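Written out below as structure tokens is the structure these notes cover.
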Amino acid sequence: MQTISCPEFSLRTTLESGQFFRWRERDGAFEILLRDRVITARQDGDELRFEGADAPTVRRFFALDHDLSAIRAELARDPVLRGPLERFRGLRILRQDPWECVAAFITSAASNIPRISRNVRDMAARFGTPPAFPRPHEMGTEPQLRALRLGFRARYLAEAARLARDGRLDRLDGPLDSVRDALMELPGIGGKVADCVALFAYGRLEAFPVDTWVRKTMRKLYFGGRRVTDRRIRSFAARRFGPLAGYAQQYLFVAARSSRAESRDSTRSPAAARPA
DNA sequence: GCCCAGGAGATTT
DNA sequence: AAATCTCATGGG
């Protein structure tokens with residue numbers, strides 16, 4: 001068991017923010033599957049206690065090198081973000097493995113976080129070398145993936161694995177738009193998933209993934225409820241949040257999702273109220 | 001039964 | 001360039 005200092009960090013908020021799916025809470029600790037490692041971690045204030053990997057690996061994955069105080073200060077210049085920044089204090093953008101991130105977000109199409117987690121777990125159990133997620137050359141065929149109930153995503157995953165095996169995820173750098181275009185050459189990766197991978201795996205903090213929740217909340221908060229194209233939302237975010245757009249996006253995303261959960265909890269009628 | 005879900009891709013308008 | 005359909009599956 002090791003301990004490292006982790007000021008301005010919330011392990012729980014970060015893991016629960018829907019950017020990474022290979023973790024679970026168990027016996028009061030978090031079990032995190034990082035590449036071929038099982039990391040058990042527990043946060044106690046500004047200290048992170050963990051085992052299963054070395055400190056540099058853990059610091060890099062949790063992006064403890066990001067100056068979150070400075071990021072928050074900069075983004076808090078926008079009054080709209082102050083609530084989310086405070087409420088979800090300590091949320092960081094992780095550094096994930098590119099292929100795992102690609103596979104996870106291909107499955108994310110028209111899905112939801114619990115189901116994505118299950119899909120990722122199923123693929124790992126079926127094709128990987130436990131506890132690692134399958135490398136591209138280990139991935140199953142389309143029929144094998146369909147058997148895991150991945151639906152129309154099965155073909156995308158099988159083909160994307162082939163391209164990843166050919167090195168199509170290697171050395172992606174340069175302007176964000178060129179990284180995006182390179183990612184979008186893989187089937188099942190459109191603009192939104194490309195931005196997720198750029199942000200969560202390639203450390204491109206200026207990427208601004210526009211999903212259904214971000215679209216909804218951006219319309220409401222910045223466009224007077226008018227409907228706008230995703231392209232316009234992205235260019236607005238680039239201008240307004242600059243190189244930290246991705247951080248802004250993640251705080252907006254969790255805030256939008258939590259307000260949904262609250263309204264659902266308060267409006268759902270108890271089972272007893274249902275006619276028998 | 002209907003609707004929506006961290007969409008993408010193809011087709012139509 | 002925007003609107004519309006389809007693609008599978010699961011949960012509310």
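No experiment lies behind these values; they were computed from the predicted model shown. Each chain gets a letter, A, B and so on, in the order the sequences are listed, and its residues count up from 1.
Within 4.0 Å (heavy atoms only), A:Ser17 reaches at least one base atom of the nucleic acid. Using a 4.0 Å heavy-atom criterion, one finds that A:Arg227 contacts the sugar-phosphate atoms exclusively. Using a 4.0 Å heavy-atom cutoff across all strands shown, A:Arg149 reaches sugar-phosphate atoms only and no base atom. Within 4.0 Å (heavy atoms only), A:Pro209 reaches at least one base atom of the nucleic acid.
For the pair A:Arg153 (side chain) and A:Ala103 (backbone), a donor-acceptor distance under 3.5 Å is absent.
Between A:Asp65 and A:Arg95, at least one side-chain nitrogen of the basic residue sits less than 4.0 Å from a carboxylate oxygen of the acidic one, meeting the salt-bridge criterion.
Out of B:dG6, C:dA2, B:dA5, the shortest distance to the side chain of A:Ser108 is found at B:dG6.
Straight-line distance between the P atoms of B:dG6 and C:dA1: roughly 29 Å, to the nearest whole Å.
Take the nearest nucleotide of DNA chain B for A:Gly188 and for A:Ile113: the residue whose nucleotide is more 5' is A:Ile113.
Note on ring orientation: taking the six-membered ring where Trp is involved, the planes of A:Tyr247 and A:His66 are perpendicular (angle over 60°, cut-offs 30° and 60°).
The distance between atom CZ of A:Arg180 and atom P of B:dG7, rounded to the nearest whole Å, is 15 Å. Rounded to whole Å, the distance from CG on A:Leu186 to C1' on B:dG7 is 15 Å.
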